[in-house]
Amino acid sequence: MAITLPDGSVRRYDGPVTGDKLAADIGPGLAKAALALRVNGTLKDLKSPIAGDAKVEILTLKDPSQDVLELIRHDAAHVMAEAVQELYPGTQITFGPSTETGFYYDFVRDEPFTPEDLAKIEARMREIVARDEPIAREEMDRDAAVRLFQDLGEKYKAEWVHEIPTDEAISIYRQGKWLDLCVGPHLPSTGKLPVAFKLMRVSGAYWRGDAKNQQLQRVYGTAWRSKQELDAYLTLLEEQEKRDHRRIGKEMGLFHQQEEAAGMVFWHPKGWTMYRALERFIRGRLERDGYVEVKTPQLVDRKLWEASGHWEKFRENMYIAENEEGLKEFVTDPASRIFALKPMNCPCHVQIFNQGLRSYRDLPLRMAEFGSCHRFEPSGALHGIMRVRNFTQDDAHIFCSFDQIEAESVRFYKLLSGIYRDLGFEDFKVKFSDRPAVRAGDDALWDRMEGALHAACKTAGIDYTMNPGEGAFYGPKLEFVLRDAIGRDWQCGTLQVDFVLPERLDAEYVGPDGAKHRPVMLHRAIFGSFERFIAILIEHYTGKFPLWLAPVQAVVTTITSDAEPYARKVHQALTEAGLRADLDVGPEKITYKVREHSLAKVPVLLVVGAREAEQETVSIRRLGSNAQESLALRDALAKLCSEARVPGT
RNA sequence: GCCGCAGUAGCUCAGCGGUAGAGCAUUCGCUUCGUAAGCGAGUGGUCGGGGGUUCAAAUCCCUCCUGCGGCACCA
């Protein structure tokens with residue numbers, strides 16, 4: 001048999017050979033470094049035999065692939081579980097996979113793990129690595145496996161054996177005295193695990209991801225090829241923390257939140273300035289793209305929510321309002337005087353659509369609203385201004401005919417991609433969610449809906465991935481996922497086809513045939529919500545916004561108080577030119593003022609002293625640079641105004 | 001909502017049974033200075049709310065609220 005190595009060389013053997021033997025034959029250095037095999041593209045244990053002709057790669061820590069990281073992390077999870085069971089006998093194991101940055105293991109134990117426990121577990125993990133316990137795979141029959149785990153008191157593992165498809169082998173991995181039910185592959189021994197891991201935190205997690213099940217204790221860790229990689233990751237986490245919109249929002253005085261209005265935002269002047277700039281920007285785009293803007297009530301009678309189906313399906317998330325008079329009337333007329341704060345704008349938009357008799361000539365009707373919605377989100381879901389209970393959607397509904405879905409979807413995609421690009425997000429992904437298991441409408445209808453969206457994607461040249469079964473019950477959808485400056489993904493935009501709500505709220509138009517037809521609604525958003533989107537912008541830019549978005553665009557400041565009259569003149573000129581400028585004529589040293597305004601992330605600092613006053617110039621200092629540029633006041637104004645222009649205007 | 005952790009001055013945090021602290025910010029003086037912290041003084045807290053234990057509670061216990069990290073949720 002012939003084994004082809006990555007360099008193209010071929011080694012011949014008379015019979016099956018194990019990976020560690022192969023590695024040893026190639027060289028002692030490789031034998032020592034070898035972690036696992038990739039046989040014809042499939043990852044295998046190092047000790048597994050290679051039975052016939054194959055392309056074989058021997059993986060070491062140097063291998064740049066994600067496979068090696070997953071291997072390390074999966075092993076780290078096992079080593080952690082072994083450490084935990086040594087330290088805390090009676091603890092049961094459940095699952096312990098690798099994750100994007102590390103691993104976790106879910107345990108069953110009455111006592112909660114404390115942060116001190118984590119330190120102990122980590123220390124014991126190092127001991128287990130030092131022990132260099134050989135790791136061995138073993139296959140056994142189903143009943144034996146169940147008995148084995150039952151005897152060990154591992155009820156969850158025993159239960160899981162039954163879940164493994166009957167055509168799959170049951171494999172056990174042993175390291176030292178410890179064992180786990182696992183498909184593998186794994187490292188040849190615990191000593192091969194790089195000591196570049198760190199336990200991060202402990203949290204709750206439900207057995208099999210279902211909130212109805214028992215809650216387990218999940219211990220998270222991170223693991224890397226080397227100490228350097230680990231340190232780089234920990235540094236990245238620190239960087240992320242510095243970008244945190246909650247921290248920057250506070251530091252820059254953009255907004256605050258307080259317990260009397262949990263999950264809501266108090267926008268301060270600077271934050272609201274940004275908000276308005278963003279709103280102005282997108283409103284301009286919508287107007288140019290043929291949208292009309294509306295405004296609908298916050299508080300709407302329960303009857304409408306019953307008709308739309310929200311009362312039945314979304315009620316737990318709705319704020320219900322009533323008053324004394326309403327209560328009195330409620331007694332005699334149970335159908336009225338209970339209101340709800342709108343959790344969505346769509347039913348209200350249909351009300352506007354329904355005023356008067358619509359013609360097919362009115363379609364497509366693109367109805368936009370910066371609609372403030374309230375949803376009672378679970379307390380654990382709240383997060384800064386990203387996940388709130390009162391938020392403003394950049395919402396719109398496109399009322400159109402079936403035939404218009406494709407063209408409208410293409411048009412929307414163009415609008416959205418242009419806006420993302422102008423905001424500094426070059427890179428975004430599209431996910432296509434198709435019919436879910438529980439859904440309204442027959443398959444023929446879904447075929448048409450999905451077909452129209454697929455066609456739109458094709459026409460617009462959209463590269464998308466499928467998200468099977470994740471569509472709304474009323475229709476398929478596209479989701480637009482942004483990638484920010486440090487590679488995190490954020491789902492913001494959405495385009496959803498809906499044929500249920502027009503039916504429920506009886507929207508109709510008269511077609512060219514003179515008969516009444518049901519319009520289709522396209523629910524669509526680009527930011528998703530202003531609150532969340534601003535949070536993403538804050539984190540994307542670390543608060544160092546492009547000029548047009550910056551709450552304070554420029555500060556004029558003086559070297560000495562002699563320059564104050566000229567500084568006032570410069571400030572007034574900026575303000576009159578439409579720039580958001582502050583004036584700082586305090587008595588502090590210029591170094592102090594530069595530091596202050598740099599920390600406040602003011603993009604442009606205009607420094608003036610005697611020289612500038614005399615020559616009618618300004619000295620410009622940009623945030624993030626210590627270079628100075630001297631310009632005539634008039635030129636500086638023109639330059640800044642052009643830089644501060646809202647994108648696309 | 002669930003599990004764990006936390007809440008002390010405007011901010012960041014120390015104190016963890018025995019009279020509430022620091023730095024920064026703020027206020028007031030002085031300083032007029034050329035690009036990331038001049039000097040000095042003062043003000044500032046029912047130690048998240050409520051209850052309990054104790055001679056004595058920021059500190060220990062119970063409970064509620066809020067936040068943080070996950071889980072679940074996010075038409």
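Model, not experiment: these values are computed from the prediction. Worth knowing before you read on, the calculation uses all heavy atoms, side chains too, and leaves out hydrogens, waters and symmetry mates. Below, read A as the first sequence line, B as the second, and so on, with proteins coming before strands; counting in each chain starts at 1.
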Qualifying residues under salt bridge (charged side-chain N to carboxylate O under 4.0 Å, His left out), relative to [X], sequence neighbours excluded:
{"X": "K544(A)", "value": "none"}
{"X": "E531(A)", "value": "none"}
{"X": "E588(A)", "value": "none"}

* To do: Applying side chain to side chain donor-acceptor pair (under 3.5 Å), name anything that partners H310(A), two or more places apart in sequence or on another chain.
  =>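 Residues passing side chain to side chain donor-acceptor pair (under 3.5 Å) with H310(A): S308(A).
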* **Selection: residues 612-631 of chain A, any non-hydrogen atom under 4.0 Å of RNA chain B** =>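 Close to the strand are E612(A), S619(A), R621(A), Q628(A).
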* Listed in order of residue number, which residues of residues 470-477 of chain A have a non-hydrogen atom at under 4.0 Å from RNA chain B? ->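 By residue number: A472(A), Y474(A).
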* Any salt bridge between E251(A) and K242(A), counting N to O under 4.0 Å? ->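 Looking at E251(A) and K242(A), the cut-off is not met.
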* Do the charged groups of D506(A) and R518(A) touch, with an N to O distance under 4.0 Å? ->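 Judged by the 4.0 Å cut-off on N to carboxylate O distance, D506(A) and R518(A) do form a salt bridge.
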Interface polar pairs with nucleotides 58-66 of chain B, N/O, under 3.5 angstrom:
from: C65(B); atom 1: O2'; to: E259(A); atom 2: OE2; distance (Å): 3.1

Side-chain donor-acceptor distances from residues 556-567 of chain A under 3.5 Å, at least two apart:
from: T557(A); atom 1: OG1; to: D584(A); atom 2: O; distance (Å): 2.9
from: T557(A); atom 1: OG1; to: K593(A); atom 2: NZ; distance (Å): 3.3
from: T558(A); atom 1: OG1; to: K593(A); atom 2: NZ; distance (Å): 3.2
from: T560(A); atom 1: OG1; to: D562(A); atom 2: N; distance (Å): 3.4
from: E564(A); atom 1: OE2; to: R568(A); atom 2: NE; distance (Å): 3.2
from: E564(A); atom 1: OE2; to: R568(A); atom 2: NH2; distance (Å): 2.9
from: Y566(A); atom 1: OH; to: T617(A); atom 2: N; distance (Å): 3.1
from: Y566(A); atom 1: OH; to: T617(A); atom 2: O; distance (Å): 2.7

Using a cut-off of 4.0 Å on non-hydrogen atoms, how would the nucleic acid contact of [X] be classed: base, sugar-phosphate, or nothing?
{"X": "P378(A)", "value": "base"}
{"X": "G253(A)", "value": "nothing"}
{"X": "G309(A)", "value": "nothing"}
{"X": "Y104(A)", "value": "nothing"}
{"X": "R246(A)", "value": "sugar-phosphate"}

* Asked: Roughly, in whole Å, what's the span from CG in L216(A) to C1' in A72(B)?
  ->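 Atom CG in L216(A) sits about 13 Å away from atom C1' in A72(B).
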* To do: Under the ring-ring contact (aromatic ring centres under 6.0 Å, His included) rule, collect the residues that match up with F432(A), sequence neighbours excluded.
  =>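 Only H454(A), Y464(A) meet the ring-ring contact (aromatic ring centres under 6.0 Å, His included) criterion with F432(A).
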* Among all residues two or more places apart in sequence or in another chain, which pass the ring-ring contact (aromatic ring centres under 6.0 Å, His included) test with H268(A)? ->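 Only H256(A) meet the ring-ring contact (aromatic ring centres under 6.0 Å, His included) criterion with H268(A).
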Output one line per pair: protein atom, nucleotide atom from nucleotides 37-46 of chain B, and distance, for all N/O pairs under 3.5 Å.
from: A37(B); atom 1: N9; to: R595(A); atom 2: NE; distance (Å): 3.4
from: A37(B); atom 1: N7; to: R595(A); atom 2: NE; distance (Å): 3.4
from: A37(B); atom 1: N7; to: R595(A); atom 2: NH1; distance (Å): 3.3
from: A37(B); atom 1: N7; to: R595(A); atom 2: NH2; distance (Å): 3.1
from: A37(B); atom 1: N6; to: R595(A); atom 2: NH2; distance (Å): 2.5
from: A37(B); atom 1: N1; to: R595(A); atom 2: NH2; distance (Å): 3.0
from: G38(B); atom 1: OP2; to: T591(A); atom 2: OG1; distance (Å): 3.2

* Between F255(A) and K270(A), is there a cation-pi geometry (under 6.0 Å to ring centre, at most 45° from the normal)? ->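 Checked: cation-pi criterion not met.
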Atom pairs under 3.5 Å, N or O on each side, protein against nucleotides 10-15 of chain B: can you list them with distances?
from: U12(B); atom 1: OP1; to: K250(A); atom 2: NZ; distance (Å): 3.3

* Hey, do the aromatic rings of F103(A) and Y105(A) have their centres closer than 6.0 Å? ->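 Not under 6.0 Å, so no.
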* G-U wobble or Watson-Crick pairing nucleotide for C16(B) (cut-off 3.5 Å, both distances) ->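 Matched C16(B) with nothing under the 3.5 Å cut-off.
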* Would one find a side-chain N or O of H383(A) under 4.0 angstrom from OP1 or OP2 of G69(B)? ->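 For G69(B), OP1/OP2 do have a side-chain N/O of H383(A) under 4.0 Å.
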